[in-house]
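Keep in mind the model is a prediction, meaning the values are calculated, not measured. Start at 1 with the first residue, then count along the sequence. Hydrogens, waters and symmetry mates are skipped; everything else that's a heavy atom, side chains included, is used.
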Amino acid sequence: MKLEKLLERMEYECLQGTVDTDVRKLVNNSRKVEKGSLFFCIKGAVTDGHKYVPDVVAKGASVLVVQDAVEAPEDVTVIRVTDTRYAMALMSAAFFGYPANEMRIIGVTGTKGKTTTTYMVKSILESAGYKVGLIGTIEAIIGGEKIPAHNTTPESYTIQEYFRRMADAGCQVVVMEVSSQGLMLERTAGIPFEIGIFTNIEPDHIGPAEHESFEDYLECKSRLFKQCRYGILNADDAHLAEILRGHTCEVETFGLSEQAGVRAENLNLVSRPGYLGIAYTVSWKNENAGKEKDKTSFDVEIDIPGKFSVYNSLTAIAICRHFKVAVEDIQKALKGAKVKGRVELVKVSDEFTLMIDYAHNAMALQSLLETLREYHPHRLVSVFGCGGNRSKLRRYEMGEVSGRLADLTVITSDNPRFEEPEAIIADIVTGIEKTDGKYIKITDRKEAIAWAIHHGEPGDIIVLAGKGHEDYQEICGVQYPMDERVLIREILEEDERNLSLAKQ
């Protein structure tokens, strides 16, 4: 493709060379440069792409896109822009033929609920006959292909590549998670979002490698609503006004309060051994009030527990109104919506409930355990560990939260990386001993899960927290296969074999 075509939506200065040159490949990783490549000099948190100019030129890069002055051979074209990340986003869209224009793009942002909401939306729209692509924390889904994710919101080039593949596969809609990092780093720049979603916001991702302050975090989230046609936002969030500051979209809301446009009422927790869910009535005023009944109202039940599930499903319902989805399709899809590793119920007994959840910090664990407390379990049992080579504060906090809210904590291992699992467990114990919470320590995660299952009592809720959708355990730089669903199946099969042998 001609460089001039790639630059057609950009403001730039050609410092040397010509824009009438062919570009075979767009690259921002110096190791992937080939002859005829265009290399983006990205200024990252760890390294500055400008310092790799001699290396990429030697490998055959014919075009450099820079922010700062560089020295390059005369036969290399050098394009200067204000922000190379922004340039990469727009030029990647051009490189793939602006595929987002061929589909309807839905972006979901917020501290919590992004993943569950995207899967709910996908489920509803597919039940109504739409072909839907998905990009998110767990995976990207293109037709029948599932691609494991490395970032909640991938780099802009990868997003546009996925969009191209989705459009070519016949997708009509794409629903994607839009992280604050993705917005801050211009990964979603130039995407014509039809709908932008705001689930909620709480202090998170604040630190040297992420956002310098909560205000910065808020501002980055708010950018989505300057880039979408319709904004659908949580009316009950205390920071709604800040998120909407400077917005350019049409605004709709959802929530439990009276001011919410799409509202849930009559919440009812649904509980039986092995099952937790929630039911409610959703309603909204019709735009054509007076011509027919002035309000739409119907009942919903979700096989995912907790008030946060109501908010996630309200978001999905509010979105799907824009696609004229029938009430019956919405009800059926929400009843069957499941998300791997997000309050994922796994049937192991007719007497107690076991679930897997990704809660891997104190805020998420507290939210989860408080939600499950509302179901009045006989005992709430928390099984979790903490990752190695990460902040010790997280370990203390998670220990304290579990000790305060769970009736029993089973402390185990979770991605120890280059630390000793027992040292990590000792830090968790430091936190839990600030409370009166009971606990036991079982380092091997499979043994810990087996202990929790074998000691389950009628009416218990057992939570396996921290791993969620992950299917590995990272030890000393190596990721070993470890899926909690597989572990549970193995435990139950071993129990069955032992029982059979005992009867012989």
Arg395 and Glu419: CA distance, side-chain angles, deciding distance, salt bridge (Lys or Arg N to Asp or Glu O under 4.0 Å) verdict: CA-CA 13 Å; Arg395 303 170 194 177; Glu419 287 193 67; 2.5 Å; yes
Would you sort out whether Val173 and Lys131 count as a side-chain contact (heavy atoms from CB on, under 4.5 Å), showing the intermediate values? CA-CA 7 Å; Val173 185; Lys131 191 165 185 179; over 6 Å; no
Please evaluate residues Tyr52 and Thr47 with respect to the criterion side chain to side chain donor-acceptor pair (under 3.5 Å), reporting the C-alpha separation (whole Å), side-chain torsions for both, the decisive distance (0.1 Å), and the verdict. CA-CA 10 Å; Tyr52 295 106; Thr47 188; 3.3 Å; yes
Intermediate values then yes/no, side chain to side chain donor-acceptor pair (under 3.5 Å), Thr117 and Thr315: CA-CA 7 Å; Thr117 298; Thr315 310; 4.5 Å; no
Before giving the answer on salt bridge (Lys or Arg N to Asp or Glu O under 4.0 Å), spell out for Glu219 and Arg223 the whole-Å C-alpha distance, their side-chain angles and the decisive distance to 0.1 Å. CA-CA 7 Å; Glu219 191 279 325; Arg223 295 180 191 182; 2.9 Å; yes
Phe225 and Val251: side-chain contact (heavy atoms from CB on, under 4.5 Å), yes or no, with the steps? CA-CA 9 Å; Phe225 304 97; Val251 175; over 6 Å; no
Full working for side-chain contact (heavy atoms from CB on, under 4.5 Å) between Thr111 and Tyr217: CA-CA 10 Å; Thr111 304; Tyr217 182 46; 2.9 Å; yes
Can you list the steps and then say if Leu276 with Met355 is a side-chain contact (heavy atoms from CB on, under 4.5 Å)? CA-CA 10 Å; Leu276 299 173; Met355 67 178 62; 3.6 Å; yes
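Annotation: cation-pi geometry satisfied between Arg321 and Trp284 (NZ/CZ under 6.0 angstrom from ring centroid, within 45° of ring axis). For the pair Lys467 and Tyr472, the cation-pi criterion (under 6.0 Å, within 45° of the ring axis) is fulfilled.
Using the six-membered ring where Trp is involved, Tyr230 and His322 have ring planes that are tilted, between 30° and 60° apart.
Between the Glu11 side chain and the Val81 main chain, no donor and acceptor come within less than 3.5 Å of each other. Thr84 contributes no side-chain N or O that, together with a main-chain N or O of Phe40, makes up a donor-acceptor pair within less than 3.5 Å. The main-chain N or O of Pro154 is never found under 3.5 Å from a side-chain atom of Thr158 such that the two would form a donor-acceptor pair. A donor-acceptor pair is defined here as one N or O able to donate and one able to accept, closer than 3.5 Å; such a pair exists between the side chain of Gln227 and the backbone of Thr188. Within the 3.5 Å criterion, the main-chain N or O of Gly113 finds no donor-acceptor partner in the side chain of Thr116. Formation of a donor-acceptor pair under 3.5 Å by the Thr199 side chain with backbone atoms of Lys112 is found in this model. A donor-acceptor contact shorter than 3.5 Å links the side chain of Thr118 to the backbone of Thr115. A distance-only check finds a donor-acceptor pair linking the side chain of Asn361 to the backbone of Ala364 [under 3.5 Å]. Judged by distance alone, with hydrogens and angles left aside, the side-chain atoms of His360 form a donor-acceptor pair with the main-chain N or O of Tyr358 at under 3.5 Å. With hydrogens and angles ignored, the 3.5 Å screen pairs a side-chain donor or acceptor of Arg164 with a backbone N or O of Phe96.
Among residues two or more places apart in sequence or in another chain, the side chain to side chain contact (heavy atoms under 4.5 Å, CB included) test is passed with Lys332 by none. Residues passing the side chain to side chain contact (heavy atoms under 4.5 Å, CB included) test with Arg9, sequence neighbours excluded: Leu90, Tyr98, Asn101. In this view, Glu433 satisfies the salt bridge (charged side-chain N to carboxylate O under 4.0 Å, His left out) rule with no residue, not counting sequence neighbours. Checked against ring pair (Phe, Tyr, Trp, His ring centres under 6.0 Å), Tyr130 has the following partners two or more places apart in sequence or in another chain: Phe323. Every salt bridge (charged side-chain N to carboxylate O under 4.0 Å, His left out) that Glu126 has, sequence neighbours left out, goes to Lys122. Qualifying side chain to side chain contact (heavy atoms under 4.5 Å, CB included) partners for Asp237, counting only residues two or more places apart in sequence or in other chains: Phe198, Asn200, Ile201, Asn234, His239. Remark: Asp407 engages Arg373 in a salt bridge (charged side-chain N to carboxylate O under 4.0 Å, His left out) (not counting sequence neighbours). Arg485 pairs by the side chain to side chain contact (heavy atoms under 4.5 Å, CB included) definition with Lys340, Glu344, Ile356, Asp483, not counting sequence neighbours. Among residues two or more places apart in sequence or in another chain, the ring pair (Phe, Tyr, Trp, His ring centres under 6.0 Å) test is passed with His376 by none. With sequence neighbours excluded, no residue forms a ring pair (Phe, Tyr, Trp, His ring centres under 6.0 Å) with Tyr375.
In this structure, a donor-acceptor pair under 3.5 Å is present between the side chains of Arg342 and His469. Defined by atom type and a distance below 3.5 Å, a donor-acceptor pair is missing between the side-chain atoms of Asn151 and Gln181. Counting only N and O atoms by type, the side chains of Tyr280 and Ser313 include a donor and acceptor under 3.5 Å apart. There is a side-chain donor-acceptor pair under 3.5 Å between Tyr311 and Asp236.
Between Leu183 and Val178, some side-chain heavy-atom pair lies under the 4.5 Å cut-off. With contacts defined as side-chain heavy-atom distances shorter than 4.5 Å, the pair Thr296/Phe298 qualifies.
In this structure, Glu194 does not pair ionically with Arg229, as no charged nitrogen and carboxylate oxygen lie closer than 4.0 Å. Between Asp68 and Lys43, at least one side-chain N (NZ, or NE/NH1/NH2) sits under 4.0 Å from a carboxylate O, which counts as a salt bridge. A salt bridge is absent between Lys221 and Glu242: the closest approach of a Lys/Arg side-chain nitrogen to an acidic carboxylate oxygen does not fall below 4.0 angstrom.
Between Asp471 atom CG and Gln479 atom CD the span is 8.5 Å, to the nearest 0.5 Å. Taking SG from Cys320 and CD1 from Ile124, the interatomic distance works out to 4.0 Å, rounded to the nearest 0.5 Å. Here NZ of Lys226 is found 9.5 Å from NE2 of His247. Values are rounded to the nearest 0.5 Å. Atom CG in Leu405 sits 8.0 Å away from atom CG in Leu380 (nearest 0.5 Å). Atoms CD1 and CD1, from Ile330 and Ile317 in turn, are 6.0 Å apart once rounded to the nearest 0.5 Å.
Each salt bridge (Lys or Arg N to Asp or Glu O under 4.0 Å) pair with one or both residues in residues 173-192, not counting sequence neighbours, appears once here: Glu155-Arg187.
Between Ser179 and Gly182, the shortest heavy-atom distance links the atoms OG-N, 2.9 Å. Taking all atoms of both residues into account, the shortest heavy-atom contact from Cys41 to Val66 is SG-CG1, 3.8 Å.
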For residues 382-391, please give each side-chain donor-acceptor pair under 3.5 Å, one per line with the distance, not counting sequence neighbours.
from   : atom 1 : to     : atom 2 : distance (Å)
Ser382 : OG     : Ser402 : OG     : 3.0
Asn389 : OD1    : Phe418 : N      : 2.8
Ser391 : OG     : Leu393 : N      : 3.1

